[in-house]
Amino acid sequence: MAKAGISTRADNYAQWYLDIVDKADLAEPSGVVRGAMVIKPTGYAVWEGIQRGLDQRIKATGHVNAYFPLFIPQSFLQKEAQHVAGFAPEVAVVTHAGGKQLEEPYVVRPTSEAIIGHTYSRWIQSWRDLPVLINQWANVVRWELRPRPFLRTTEFLWQEGHTAHATEAEAEAETLMILHDVYADFVENVMAIPLFRGLKSKRETFAGALRTYAIEAMMQDGRALQSGTSHNLGQNFARAFDITYQTPDNQREHVWTTSWGASTRLIGGLIMVHSDDDGLVLPPRLAPIQVVVVPIYKTEAEKTLVMEAVQRLTGSWAGRFSFKIDDREHLSPGFKYNEWEIKGVPLRVEVGPKDVQKGSVAIARRDIPGRDGKAFVPQDGLAERIADLLEEIQTNLFERARRYRDERTIDVTSYGELAEAVEQGFARAYWAGSDADEAKIQDDLKATIRVIPFDQPEQAGKCVVTGVETTRQVLFARSY
RNA sequence: CGGGGUGUGGCGCAGACUGGUAGCGCGCGGCGUUUGGGACGCUGAGGUCGUAGGUUCGAAUCCUAUCACCCCGACCA
């Protein structure tokens with residue numbers, strides 16, 4: 001147990017994660033609905049940052065927002081065979097409403113392909129109606145067997161994009177564009193989480209999709225977290241929901257659809273990539289509060305001097321970075337330091353009577369805990385220094401996570417090496433195996449193919465299970 | 001679904017074996033002293049003991065049933 005009642009990562013990683021969620025005040029189990037959580041203001045502010053970043057990118061790439069119903073007639077879900085098989089075990093069903101049993105039960109959406117497919121079939125008539133590029137921000141419900149805050153909750157928040165196109169090539173381009181320009185761009189540049197990008201294996205493909213692409217991140221325990229997915233649905237849903245259009249030469253064709261989503265799970269990834277045994281660590285570009293100022297004083301006279309200095313120093317900060325002056329009375333400075341560290345605020349500025357005298361402040365960076373991350377700097381040019389430091393922390397977090405990931409991503413050539421590698425991280429292996437081979441590895445090693453990376457080797461090698469020569473490499477890992 | 005655990009002031013727990021009408025720590029309110037790495041004193045408020053039934057003169061405690069949540073393994077963003 002480290003300070004503040006947070007378990008250490010080395011000691012008990014799962015408990016450490018739960019402790020961070022709790023102590024950083026991000027969320028708490030509802031206590032009354034299985035697997036459901038209350039996202040507290042601190043946690044929701046992080047989600048709002050994620051929403052902002054994704055929404056901006058989604059719109060910049062030509063999409064618009066809309067909203068579709070929470071309830072879906074049960075029969076809709078059954079129209080696409082793979083889809084119903086994939087989701088049947090985890091849907092919640094409403095059988096009664098208005099004081100009586102319903103003619104046809106409604107399912108609470110586990111995802112919205114069905115209801116949106118049905119809607120698109122009415123909206124789309126002509127090639128002139130295409131493409132349809134719509135996103136929705138929504139909650140969905142999946143009755144998971146093993147819930148964990150943010151990572152897997154019964155109800156979660158996400159965005160789901162649903163597009164329809166005239167050609168397969170267009171749908172494929174959309175699917176890939178979302179993965180790179182929306183998800184990967186945001187997650188790497190704002191959340192400072194390094195990613196592997198690629199195609200999902202057949203076993204891991206979304207129920208009803210032609211192809212699923214994903215971004216995968218490595219957590220500090222070496223396990224993988226799927227952090228965003230983008231599906232080329234082919235014409236599967238178009239056929240199931242009869243979404244057709246007339247071509248310029250008056251032919252009737254099924255559209256090609258895509259769907260893509262990223263959820264509150266990203267917050268789980270954020271925690272597990274950057275945080276430490278002292279609490280949450282937030283990357284500056286996402287942190288709701290980037291700088292906290294702790295004034296220090298004993299007497300009223302000191303208080304006046306210090307608060308004057310604080311007002312003067314922070315006067316130019318508005319609009320440059322988000323900050324908070326922690327002027328709560330009767331809490332010791334030490335208490336405040338610890339509290340803001342647990343909550344992951346990237347920078348802390350301390351201003352006391354000695355600083356007022358010397359024209360200095362103390363500044364402490366969250367990414368480097370303890371004395372090493374604390375420095376006394378002149379008040380002159382403080383804003384510039386803070387701006388620089390925030391960027392430096394952003395870069396440092398990303399680079400640190402990337403080094404960690406790369407050190408734990410190991411090229412393996414034998415089954416034994418594969419088994420060993422997934423104990424501590426990712427295994428990169430040549431792969432020509434079957435679905436059954438993959439299933440066996442999952443049984444044996446609890447590891448799955450997380451992604452078939454876009455970056456593929458020049459040279460061929462031998463498949464890690466079959467020994468067959470192949471040029472295809474895949475990444476294996478245990479996953480959340 | 002299997003395995004384990006727990007339900008007692010806001011939170012964490014004790015009390016249960018050996019029935020007698022509930023206690024500790026933290027937190028919370030008031031007052032005062034404090035404040036450069038988690039301050040202290042005094043004082044005060046706050047509990048149908050998960051729920052239902054039973055045994056008993058008397059149940060947090062014993063019996064039965066039931067509900068819920070949490071944790072550990074197989075499906076999933």
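All values reported here derive from a predicted model rather than from experimental measurement. Convention: sequence-line order gives letters A, B, ...; per-chain numbering from 1.
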A:Arg142 side-chain proximity, nearest of B:A39, B:C76, B:G36: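 Given the options B:A39, B:C76, B:G36, the side chain of A:Arg142 is closest to B:C76.
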Nearest-nucleotide pick for A:Tyr337, side chain only, options being B:G38, B:A77, B:G36: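 Per side-chain heavy atoms of A:Tyr337, the pick is B:G36.
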Please list, chain by chain and in numerical order, all residues satisfying side-chain contact (heavy atoms from CB on, under 4.5 Å) with [X], sequence neighbours excluded.
X: A:Glu188; answer: A:Leu195, A:Arg197, A:Phe398
X: A:Tyr13; answer: A:Arg9, A:Trp16, A:Met219, A:Gln220, A:Asp221, A:Met272, A:Tyr480
X: A:Pro29; answer: none
X: A:Ala419; answer: A:Leu445

Counterpart residues, side-chain hydrogen bond (donor to acceptor under 3.5 Å, both in side chains), relative to A:Asn189 (two or more places apart):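 With neighbours one apart ignored, the set is A:Asp185.
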A:Asp327: partners by side-chain hydrogen bond (donor to acceptor under 3.5 Å, both in side chains), with sequence neighbours left out: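 With neighbours one apart ignored, the set is empty.
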A:Arg109 to A:Phe76, cation-pi by 6.0 Å centre distance and 45° axis angle: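 Here A:Arg109 fails the 6.0 Å and 45° test against A:Phe76.
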Partners meeting salt bridge (Lys or Arg N to Asp or Glu O under 4.0 Å) with A:Glu160 (sequence neighbours left out):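 With neighbours one apart ignored, the set is empty.
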Protein-nucleotide distance (A:Glu302, atom CD; B:G36, atom C1'), rounded to Å: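 Computing the A:Glu302:CD to B:G36:C1' distance gives 10 Å.
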Atom pairs, N/O to N/O, protein against nucleotides 25-30 of chain B, distance under 3.5 Å?
none

Hey, what are the protein-to-nucleotides 70-73 of chain B N/O distances that come in under 3.5 Å?
from, atom 1, to, atom 2, distance (Å)
B:C72, OP2, A:Arg146, NH1, 2.7
B:C72, OP2, A:Arg146, NH2, 2.9
B:G73, OP2, A:Arg146, NE, 3.3
B:G73, OP2, A:Arg146, NH2, 2.9

Same-atom distance (C1') from B:U8 to B:A22, integer angstrom: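 9 Å, rounded to whole Å.
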Residue pairs passing the salt bridge (Lys or Arg N to Asp or Glu O under 4.0 Å) test where at least one lies in residues 291-303 of chain A, sequence neighbours excluded: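 Applying salt bridge (Lys or Arg N to Asp or Glu O under 4.0 Å) to every pair that reaches into residues 291-303 of chain A, excluding sequence neighbours, yields A:Lys303-A:Glu329.
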Sequence neighbours excluded, every pair satisfying salt bridge (Lys or Arg N to Asp or Glu O under 4.0 Å) that has a member inside residues 371-383 of chain A: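 Pairs touching residues 371-383 of chain A that pass the test: A:Glu350-A:Lys374.
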Runs of at least three Watson-Crick or G-U pairs with RNA chain B, cut-off 3.5 Å: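 Listed by first number, the stems are B:1-7 with B:67-73, B:10-13 with B:23-26, B:28-33 with B:39-44, B:50-54 with B:62-66.
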